[in-house]
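Please read the structure below before turning to the comments.
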Amino acid sequence: MLDLTQAAQLREEMIRIAADSSIVLDASGVERMSTPCAQILLAAARSAQAANKPFRITQASELFRTAITDLGLRHELDKWME
């Protein structure tokens, strides 16, 4: 669940793993996603890109894909999704 109650935790986790050489997120289990969580993922992807670090979202669930499409972020996040 990437809903509003998880946004702060997701942000902290993205900051923590940003120090790694690569970030791979498995989105297969996403059943709910809020706008703040989508924004956090987009910011993390852009930050990784700016730092020349790999960032990938793998196995995105249909709900994940639908959520980012509904928010108008599909074009932005597609470049990092497999």
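Atom set for the values below is all heavy atoms of this structure, side chains included, hydrogens, waters and symmetry mates excluded.
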Counting neighbours of CZ on Arg11 that are heavy atoms of other residues, nucleotides or ligands and sit closer than 6.0 Å, is the number greater than 12? no
Nearest 0.5 angstrom please: Arg74 CZ to Thr66 OG1, how far? 8.0 Å
Spell out, as yes or no, whether a donor-acceptor pair under 3.5 Å connects the side chain of Ser22 to the backbone of Pro54. no
Any chance you could measure His75, atom NE2, to Thr69, atom OG1, to the nearest 0.5 Å? 12.5 Å
Can you name the closest pair of heavy atoms from Met14 and Ala44 and give their distance? SD-CB, 3.7 Å
One thing to verify: whether Arg16 and Glu13 come together as a salt bridge, which I'm taking to mean a side-chain N less than 4.0 angstrom from a carboxylate O. yes
Lys53 side chain to Ala18 main-chain N or O, any donor-acceptor pair under 3.5 Å? yes
Common cluster, Met33/Val24, ILVMFWY with side-chain heavy-atom separation under 4.5 Å: no
Are Ile15 and Leu2 co-members of a hydrophobic cluster defined by side-chain heavy atoms under 4.5 Å apart? no
Please round to the nearest 0.5 Å and tell me the distance separating atom CD1 of Ile68 and atom CG of Leu41. 9.0 Å
Nearest heavy-atom pair of Ala7 and Pro36: which atoms, and what distance? CB-CB, 4.1 Å
Closest contact, heavy atoms only, Ser61 versus Val30: OG-O, 2.7 Å
Tightest non-hydrogen contact, residues Leu4 and Ser34, listed as N-OG, 3.4 Å
Please round to the nearest 0.5 Å and tell me the distance separating atom CD1 of Ile57 and atom CE of Met81. 6.5 Å
Determine whether more than 12 heavy atoms belonging to other residues, nucleotides or ligands lie under 6.0 Å from atom CD of Glu82. yes
Tightest non-hydrogen contact, residues Leu63 and Glu31, listed as CD1-O, 2.9 Å
Please round to the nearest 0.5 Å and tell me the distance separating atom CH2 of Trp80 and atom CG of Leu25. 12.0 Å
Distance, nearest 0.5 Å, that separates NZ of Lys79 from CG of Leu77: 9.0 Å
